[in-house]
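Predicted model, so just to flag it, every value in this text is computed and none were measured. Order of appearance sets the numbers: ligands from 1, and atoms from 1 within every ligand. Numbering starts at 1 and runs along the sequence shown.
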Amino acid sequence: METIHYDVFVIGSGIAGQTAAKACTKKGLKVAIADNRIYGGTCAIRGCDPKKVLMQFADLMQKSSQLKDLGVTEVPKIDWKTVQKFKTSFTQPVPLATEEDLSQLGIDLYHQSPKFISKNEVLVEGKTITADKFVIATGLIPRPLNIQGSNLLKTSDALLNMKNIPNSAVFIGSGYVGMEFSYMLAAMGCKVTLIELSDQPLAPFDTFLVDKLVKVLEKMGITFIFKAKPLAIEKLKKNVKLTYEKDGEEFTLKARKIFNTSGRVPAIEKLNVEQADIDADATGIVVNDYMQSTSHSHVYACGDVSSKSLPLTPLSGLQGYIAGHNIVNGNTKTFEDPLVPSIVFTHPQLAMVGYSEAEAKSRYKNIKVYKGDASKWYNAKKENAEVYAYKILVNERTNTIVGAHLLSNQANETINILTMAINTQMTVTEFKKQIFTYPSYSNDLKSMLKDKD
Ligand SMILES: Cc1cc2nc3c(=O)[nH]c(=O)nc-3n(C[C@H](O)[C@H](O)[C@H](O)COP(=O)(O)OP(=O)(O)OC[C@H]3O[C@@H](n4cnc5c(N)ncnc54)[C@H](O)[C@@H]3O)c2cc1C
Ligand SMILES: NC(=O)c1ccc[n+]([C@@H]2O[C@H](COP(=O)([O-])OP(=O)(O)OC[C@H]3O[C@@H](n4cnc5c(N)ncnc54)[C@H](O)[C@@H]3O)[C@@H](O)[C@H]2O)c1
């Protein structure tokens with residue numbers, strides 16, 4: 001069998017793998033990448049980017065419904081086939097463009113899952129590959145639900161490629177993916193039910209705001225069933241049936257489609273990492289701050305599959321850069337848990353950055369909570385939006401923001417302003433001195449930090 005040697009062998013062509021590979025190639029190392037799906041990774045092909053193309057049509061529907069009878073006489077009709085065509089114009093070019101880009105940089109490309117056969121060797125496409133360094137950047141895959149009929153479940157890949165909006169749908173799991181897509185389908189006229197194991201959706205987010213978001217989504221027609229455990233799926237003639245348990249009793253639900261949105265797990269099963277004694281657990285490939293495997297110094301892991309990641313695109317890119325840099329220069333850069341804003345793209349959007357109220361109160365002696373309902377403020381009223389709310393946490397000793405939580409139509413943008421304020425340790429006094437545009441959601445941030453007389 002042919003044996004090929006590389007300086008660096010990268011597994012996974014998402015943002016993390018590409019970034020690491022490019023950093024190594026730039027310094028003249030001989031690099032290869034293997035991917036067992038089309039090249040380009042989740043964000044560009046099966047995640048953030050196509051999702052936001054589709055989602056804007058749901059937002060348009062939602063905004064039009066809010067302004068119905070205030071000038072909008074009819075909510076627009078959406079031609080989903082054309083929407084899908086538009087979305088495909090973003091995703092279709094990605095694999096070829098990625099392969100061309102990587103090839104031009106001199107990177108060899110493989111199209112199969114490699115398998116470790118020892119700590120320095122993998123098998124791929126019938127070849128034995130040896131490498132000085134390996135980078136594992138395989139991301140996450142949907143959590144398998146081990147229940148009867150689970151083969152009938154659809155994932156976010158199917159949601160992004162739906163040819164038509166189904167009449168009805170059930171989502172199992174109300175995290176980011178479940179909430180965003182149930183909002184999208186409901187806005188497009190689908191009857192949506194969400195089944196969740198725990199007693200609330202979006203566990204990391206502030207309950208004051210999550211409760212308000214749930215109420216808006218319920219008004220849109222979404223049914224939430226909490227503390228419910230899915231048991232089995234069955235195919236009917238046109239529909240699919242879910243049996244679930246709640247409070248010790250069994251119930252059933254029928255819908256055209258049932259989606260598994262119960263979370264995502266590290267994509268490591270196919271790699272045979274145990275054969276190479278690479279430490280891995282439920283959080284992924286276990287790495288130190290250099291993004292280096294805790295079991296072998298010649299193995300690095302980055303992006304969603306690493307044990308250090310919050311699975312978000314900006315962090316995957318950063319970790320890919322750190323892994324590549326450390327391979328080329330020796331371990332000189334560490335991943336230092338940057339402040340990461342996070343957003344749920346519903347309408348209104350839910351965003352957070354920094355500490356939750358409980359975390360802030362446990363870390364600092366005096367936390368001032370600026371919390372309120374802003375639905376009577378001009379920005380919400382002009383859009384006839386029912387909900388607009390916030391919670392901002394300030395360390396009284398330093399007068400700096402340590403956590404911010406927003407529920408608003410512009411939260412994806414305004415949370416970045418608060419991220420900068422936290423990162424630069426800007427005092428609340430300094431923050432309120434800034435002049436922002438008017439009227440704008442950014443300007444409202446200053447009003448949120450107003451002390452009650
Ligand atoms: C529906 C959805 C929406 C999302 N929306 C957002 C968002 O709005 N904002 C945000 O910041 N993040 C979002 N994310 C998360 C974001 O997509 C990921 O954090 C990011 O893409 C991770 O990049 P990565 O390079 O670590 O992994 P990936 O992009 O997943 O790349 C991993 C690559 O490895 C390959 N691979 C897997 N197993 C093997 C194997 N055995 N052999 C070879 N190759 C393999 C895969 O095919 C893939 O190409 C979303 C995710 C999903 C699923
Ligand atoms: N806007 C964004 O930035 C964005 C969007 C999508 C995904 N992502 C990333 O992808 C990651 C994965 O998102 P996700 O939504 O797949 O997972 P998640 O972990 O956010 O949510 C999964 C939900 O499913 C529930 N659940 C688990 N098992 C269940 C079961 N058997 N029955 C019913 N409910 C069950 C969990 O309690 C949880 O609420 C996120 O952590 C996020 O980092 C980000």
Enquirer: Could you check which of Gly12, Gly320, Ala137, Ser316 puts a non-hydrogen atom nearest to atom 32 (C) of ligand 1?
Expert: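 It is Ala137 whose heavy atom sits nearest to atom 32 (C) of ligand 1.
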Enquirer: For atom 36 (C) of ligand 2, what is the nearest protein heavy atom, given as residue, atom name and distance?
Expert: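 The answer is Glu196 OE2, 3.5 Å.
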Enquirer: Answer yes or no for Lys246 and Phe251: cation-pi contact, defined as NZ/CZ to six-membered ring centre under 6.0 Å and angle to ring axis within 45°.
Expert: no
Enquirer: Going by distance only, is there an N or O of Pro230 that falls short of 3.5 Å from an N or O of ligand 2?
Expert: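 Looking only at distances, the answer is no, because the N/O contact criterion of under 3.5 Å is not met.
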Enquirer: For Gln319, is the nearest heavy atom under 4.0 Å from an atom of ligand 1?
Expert: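 No.
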Enquirer: For the 3.5 Å polar cut-off, considering only N or O atoms, please tell me whether Leu197 and ligand 2 meet it.
Expert: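 Yes - when backbone and side-chain N and O of Leu197 are compared with those of ligand 2, one distance drops under 3.5 Å.
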Enquirer: Is Ala44 in contact with ligand 1, taking contact as a heavy-atom separation below 4.0 Å?
Expert: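 No, Ala44 has no heavy atoms under 4.0 Å from ligand 1.
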Enquirer: Looking only at protein heavy atoms, which one is nearest to atom 3 (O) of ligand 2, and what is the separation?
Expert: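 The closest one turns out to be Leu312 CD2, 3.3 Å.
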Enquirer: Please write down residue, atom name and distance for the protein heavy atom closest to atom 52 (C) of ligand 1.
Expert: Gly47 CA, 4.0 Å
Enquirer: Checking a contact table here: which protein heavy atom is nearest atom 23 (C) of ligand 2, and how many Å away?
Expert: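 That would be Gly175 N, 3.6 Å.
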Enquirer: Determine, considering heavy atoms only, which of Leu271, Ile33, Thr138 sits nearest to atom 37 (C) of ligand 1.
Expert: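 Looking at heavy atoms only, the winner is Thr138.
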Enquirer: Decide ring-ring contact (aromatic ring centres under 6.0 Å, His included) for Tyr176 and Phe205; before the verdict, give the C-alpha distance in whole Å, the side-chain angles of both, and the deciding distance to 0.1 Å.
Expert: CA-CA 10 Å; Tyr176 288 77; Phe205 287 84; 5.7 Å; yes
Enquirer: For atom 36 (N) of ligand 1, state which one of Asn36, Ile136, Thr19 supplies the nearest heavy atom.
Expert: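 The nearest heavy atom belongs to Asn36.
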Enquirer: Show which atoms of ligand 1 fall inside a sub-4.0 Å distance from at least one heavy-atom site of Ile11.
Expert: 42 (N), 43 (C)
Enquirer: Heavy atom to atom 11 (C) of ligand 2, shortest distance: which of Pro311, Ala228, Ser342 holds it?
Expert: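 Nearest heavy atom to atom 11 (C) of ligand 2 lies in Pro311.
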Enquirer: Please tell me whether Ser118 and Glu121 have a donor and an acceptor in their side chains that are separated by less than 3.5 angstrom.
Expert: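 Note: Ser118 and Glu121 side chains meet the donor-acceptor criterion.
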Enquirer: Please state which option from Thr42, Leu140, Asp304 has its nearest heavy atom closest to atom 18 (C) of ligand 1.
Expert: Asp304
Enquirer: Heavy-atom contacts with Ala34 under 4.0 Å: which atoms of ligand 1 show up? List them by number with element.
Expert: 43 (C), 44 (N)
Enquirer: Hey, would you say the His405 and Phe208 ring centroids sit under 6.0 Å apart?
Expert: no
Enquirer: For Phe259, is the NZ or CZ atom of Lys154 found under 6.0 angstrom from the centre of its six-membered ring and inside 45 degrees of the ring axis?
Expert: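 Checked: cation-pi criterion not met.
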